[in-house]
Amino acid sequence: MTTENLEHTHSYYAATRNDPATWPELEGELRADICVVGGGFTGLNTAINLADLGYSVVLLEGRRIGWGESGRNGGQLIRGIGHDPYQFVRWIGEEGAREIDRMGIEAVQLVKDRIARFAIDCDLAPGHADLALKPRHMREFERDMQSLTDLQYPFEVRLVEQEKIHEVVGSDRYIGALVDMGSAHLHPLNLALGEARAAAALGVKLFEHSMVTRIEYGSKVSVSTRRGRVVADQLVLACNVDLADLEPDVGAKVLPAGSYILATEVLPKRLRDRLLPGNLGVCDVNTVLDYYRLSADGRLLFGGACNYSGKDPRDLRAFMLPKMLRAFPELREANIEFAWGGMIGIGANRMPQIGRLPLHGNVYYAQAYSGHGLNATHMAAKLVAEAIRGESLGFDIFSRVPHLRFPGGKHLRSPLLALGMLWHRFRDLL
Ligand SMILES: Cc1cc2nc3c(=O)[nH]c(=O)nc-3n(C[C@H](O)[C@H](O)[C@H](O)COP(=O)(O)OP(=O)(O)OC[C@H]3O[C@@H](n4cnc5c(N)ncnc54)[C@H](O)[C@@H]3O)c2cc1C
């Protein structure tokens with residue numbers, strides 16, 4: 001990872017964060033109803049939901065709040081959770097699959113509600129478009145439209161044919177689009193930092209630079225950091241790609257894959273209006289997809305690639321630039337002011353993993369959003385909090401979905417993923 005250090009990576013988001021707050025390192029022993037490990041969207045929102053329910057909560061983050069995927073992602077808030085819930089009908093029934101579809105819509109609203117409730121300044125802008133590269137993608141979009149109609153999706157959704165594609169994106173690479181005005185885009189680090197403030201205001205005790213290195217399971221759970229310890233009735237693991245060292249069994253179900261983003265200089269308004277006339281966030285629908293949008297100050301944030309080797313490319317700019325120029329050759333002269341990456345936590349079936357440890361019923365986890373976690377993290381946080389309170393239909397559905405454990409420890413996992421993804425890439429070419 002380009003990110004071994006403990007501070008925020010050098011990204012456009014870190015450079016434009018609007019809250020300089022830091023939180024102390026844990027020292028000494030604390031007791032709480034619940035300890036949450038991980039200060040990304042999953043951990044922060046679980047903490048907020050539990051505080052709302054009246055629990056005392058301690059949140060431990062090993063680096064900085066929002067240091068992981070949550071503070072460095074593409075910022076695209078897109079409807080839907082996971083990949084095709086109907087493949088799990090054997091375990092969750094048709095009803096369960098429909099419920100996941102429904103939650104995929106609610107999850108976007110959860111994020112919008114969060115922003116509204118706590119007045120979080122994070123550049124929320126409406127609208128998203130999926131972009132088609134092949135006729136079969138347009139057929140998939142027609143099916144998506146139909147299922148959104150079946151789900152009584154309350155926002156404008158429309159198909160855009162090739163003749164009108166420049167109304168959505170100023171590139172000749174695409175043959176059509178599916179525009180969805182219910183999805184959105186935003187500044188993810190400022191969202192995470194706003195959520196941390198909100199959690200603290202609700203009484204959550206937040207700690208940074210407090211890496212949990214040991215868990216002792218039992219009727220009370222105890223977690224240890226370099227200088228402190230928390231003893232709690234329940235534990236929530238929201239560690240994403242880093243869980244393997246702490247909880248190898250669940251950690252072995254997540255595979256890290258690098259994804260990278262370039263931020264151009266601020267572009268002239270006329271050029272911006274040509275590249276993305278409706279200011280939508282967009283992505284193509286390949287497994288290894290390009291995703292991009294304009295920042296609030298007028299840069300193109302162009303993300304993509306997926307590096308399954310477990311190592312970041314040596315020169316991120318050189319690695320990403322051809323992908324950006326393939327979509328927008330006219331940006332050849334634009335300065336690239338930031339280039340950064342992060343590790344996406346991928347599950348073999350691309351469905352989030354939300355559950356409880358089989359041998360330790362007071363330990364919960366949520367992870368592996370497979371690059372589509374902005375909304376899903378907020379839903380997972382809601383479900384985990386509901387389950388801790390007593391019952392949650394959504395939590396029960398997700399915990400019945402089977403997940404593959406990758407053998408061989410973390411060193412073997414990346415080559416395995418590379419093999420699997422090669423297959424998906426091959427399929428994208430067809
Ligand atoms: C480059 C990139 C682009 C993406 N783009 C999008 C997008 O546009 N839209 C979208 O929906 N999703 C996107 N995603 C995915 C999305 O960002 C994630 O699914 C989501 O942020 C995961 O949140 P999380 O809280 O589970 O994990 P994280 O945000 O990674 O948080 C986990 C935290 O746990 C901490 N931690 C780990 N181990 C320990 C420990 N032992 N003790 C204490 N702390 C620990 C880490 O330091 C980290 O801060 C993208 C991801 C990447 C990397």
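In each ligand, atom 1 is the first atom listed, and ligand 1 is the first ligand listed. All values derive from a computational prediction rather than experimental measurement. Just so it is clear, the values below take in all heavy atoms, side chains as well, and ignore hydrogens, waters and symmetry mates.
Of the protein's non-hydrogen atoms, the one nearest atom 30 (O) of ligand 1 is Asn240 ND2, 2.7 Å. Closest to atom 49 (O) of ligand 1, if we only count protein heavy atoms, is Glu61 OE1, 2.7 Å. For atom 24 (P) of ligand 1, the nearest non-hydrogen atom of the protein is Thr42 OG1, 3.5 Å.
Relative orientation of the Phe319 and Tyr260 rings is perpendicular, given thresholds of 30° and 60° on the angle between their planes.
Using a cutoff of 4.0 Å between basic side-chain nitrogens and carboxylate oxygens, Arg17 and Asp19 are not scored as salt-bridged. Arg102 and Glu99 are joined by a salt bridge, as a carboxylate oxygen and a charged side-chain nitrogen come within less than 4.0 angstrom of each other.
Note: no N/O pair closer than 3.5 Å links Asn375 and ligand 1 by distance alone.
Nearest residue to atom 7 (C) of ligand 1 from Met211, Gln76, Arg64, His185 is Gln76 (criterion: closest heavy atom). Distances from atom 29 (O) of ligand 1 to the heavy atoms of Gly68, Ser70, Gly62 show the closest one on Ser70. With atom 2 (C) of ligand 1 as the reference point, the heavy atom nearest to it among Tyr369, Tyr260, Tyr291 is part of Tyr291. Across the listed options Glu69, His209, His378, Arg63, Glu69 owns the non-hydrogen atom lying nearest to atom 15 (C) of ligand 1. Across the listed options Ile78, Thr46, Asp245, Asp242, Asp242 owns the non-hydrogen atom lying nearest to atom 37 (C) of ligand 1.
Put simply, part of His372 is less than 4.0 Å from ligand 1, judged by heavy atoms. Heavy atoms of Pro188 stay at 4.0 angstrom or farther from ligand 1. Not a single heavy atom of Gly303 lies less than 4.0 angstrom from ligand 1.
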